[in-house]
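I have placed the structure first, in the form of structure tokens, so that the comments after it can refer back to it.
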Amino acid sequence: MIDLRSDTVTKPTPAMREAMARAEVGDDVFGDDPTINRLQQVAAEMLGKEAAIFVPSGTMGNLTAVLAHCARGQEVLLGDESHIYHYEAGGVSALGGAVFHVLPTTSAGELPLDAVAAAVRPAYDAHAAPAGVICLENTHNRCGGVVVGLEYMAALKGWADERQVPVHLDGARVFNAAVALGVPVRAIADQVTSIQFCLSKGLGAPVGSLVAGPAAFIKRVHRLRKMVGGGMRQVGVVGAAGLIALTEMPQRLHEDHANARLLAEQLAALPQIDLDLASVQTNIIVFGLRNSPLTPEALVEAARERDVLLVPFKGRVRAVTHLDVSAADCRSAAAIISEIVQGSGVGDQGSGIRDH
Ligand SMILES: Cc1ncc(COP(=O)(O)O)c(C=O)c1O
């Protein structure tokens with residue numbers, strides 16, 4: 001099976017499993033887990049933030065971070081393509097009473113600065129819900145893993161600082177962004193007030209994310225984490241894998257990016273595939289079909305029958321490279337997709353093919 005559905009599907013490496021078995025643990029609700037304490041300290045140092053806190057998922061990281069910035073009735077300014085808006089069950093509104101103020105997202109994953117400026121309402125106006133936080137995402141999932149540039153982030157942060165509005169980064173894949181930009185991850189984290197990043201995506205850990213930011217903010221996240229049931233006990237058993245993910249895995253992410261490019265180049269050469277190579281900047285490839293009777297769903301199904309797993313995505317198809325797929329896997333996947341779109345790889349029954 002070549003599983004290109006997401007970089008969340010990776011299994012822990014042998015070194016991670018060994019570290020998990022040997023992990024020193026304690027009750028983390030008492031702050032007593034030495035492995036988690038170390039993980040939080042290393043994360044804060046790498047990101048150049050005062051403090052960091054371990055949470056079980058990226059969704060909980062974003063939820064607690066946004067609510068630590070934003071009181072009930074305040075606005076969360078975020079993009080219409082953002083993960084927080086699309087895929088986190090509206091938790092910020094449902095649980096925290098904050099209001100989503102949705103802004104357009106460019107294909108580069110940015111919120112246009114003039115749209116942000118127009119969205120922050122004047123503080124003196126009693127009709128208006130005040131801005132509580134601005135959220136960015138880097139790399140940007142629904143924009144196809146594109147990297148949001150430092151210059152843009154710095155401009156937004158400068159503008160937001162003047163108005164005392166914090167900026168939160170959903171950095172689920174921020175290490176992929178850092179590799180693509182060729183900068184240390186803290187150069188990205190420096191452009192935001194707070195950041196959430198995932199250990200369990202490209203970095204390959206089985207579980208977990210961290211939120212990092214100012215110490216007083218992390219204290220508020222700590223309380224919110226408890227409130228939503230994210231206070232865990234001897235959680236160093238998973239934190240031990242996270243420490244390996246954080247310290248050893250960023251160095252190999254360029255392989256995932258090279259594999260994505262390899263796959264993308266082979267796909268882009270096919271007349272039935274609509275794929276802009278400039279959009280393939282990290283480990284995510286999103287492509288459409290043209291001059292083909294296949295729907296994205298039919299292609300995904302036909303590929304699954306040949307042990308290549310993809311997902312339909314925004315009327316197109318998504319493939320994501322990661323620790324558990326090799327360059328050879330990407331070549332095989334490209335060959336199988338090529339056979340399918342050229343008509344030789346679809347079952348005789350033609351199931352799922354669009355009826356013209
Ligand atoms: C950009 C982004 N943010 C947040 C998350 C949420 O992470 P989790 O699945 O750990 O809740 C994801 C997961 O795919 C993501 O892609």
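Everything numeric in this text was worked out from a predicted model, so none of it was measured. Remember, it's 1-based here, ligands and their atoms both numbered in the order they're listed.
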Which atoms form the tightest heavy-atom contact between I218 and A51, and what is the distance?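 For I218 and A51, the tightest heavy-atom pair comes out as CG1-O, 3.6 Å.
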Answer with side chain, backbone, both or neither: which part of [X] has a heavy atom less than 4.0 angstrom from an atom of ligand 1?
X	result
A172	side chain
E88	side chain
D170	side chain
I84	neither

Taking only Lys NZ, Arg NE, NH1 and NH2, and the carboxylate oxygens of Asp or Glu, determine whether [X] and [Y] approach each other closer than 4.0 Å.
X	Y	value
D33	R233	no
R225	D28	yes
E137	R142	no

Sub-4.0 Å atoms of ligand 1 with respect to non-hydrogen atoms of [X]:
X	answer
N62	4 (C)
S57	10 (O), 11 (O)
T59	6 (C), 7 (O), 8 (P), 11 (O)
G58	6 (C), 7 (O), 8 (P), 10 (O), 11 (O)
R173	15 (C), 16 (O)

Counting non-hydrogen protein atoms only, what is the nearest one to atom 5 (C) of ligand 1? Give residue, atom name and distance.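 In this structure, atom 5 (C) of ligand 1 has H83 CE1, 3.2 Å as its nearest protein heavy atom.
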Stepwise, does the side chain to side chain donor-acceptor pair (under 3.5 Å) test hold for T10 with D324? CA-CA 6 Å; T10 56; D324 291 348; 5.1 Å; no
When only distance counts, is N141 in polar contact with ligand 1, meaning an N/O pair under 3.5 Å?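 N/O-N/O distance below 3.5 Å exists for this pair.
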Can you tell me which residue pairs pass the salt bridge (charged side-chain N to carboxylate O under 4.0 Å, His left out) test with a partner in residues 170-193, sequence neighbours excluded?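 Qualifying pairs, neighbours excluded: D7-R173.
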Among K201, H86, E137, closest by any non-hydrogen atom to atom 1 (C) of ligand 1: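 Among K201, H86, E137, the closest heavy atom to atom 1 (C) of ligand 1 belongs to E137.
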Surrounding CZ of R17 (heavy atoms of other residues, nucleotides or ligands, distance under 6.0 Å), is the total greater than 12?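 No, the 6.0 Å shell around CZ holds no more than 12 heavy atoms from other groups.
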Any idea how F175 and F197 line up, ring-wise: parallel (<30°), tilted (30 to 60°), or perpendicular (>60°)?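 Judged by the thresholds at 30° and 60°, the geometry between F175 and F197 is perpendicular.
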Is the closest heavy atom of H140 to ligand 1 under 4.0 Å?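 Not so, H140 does not reach ligand 1.
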Is there a side-chain contact between T8 and S200, using heavy atoms and a 4.5 Å cut-off?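 No, side chains not in contact.
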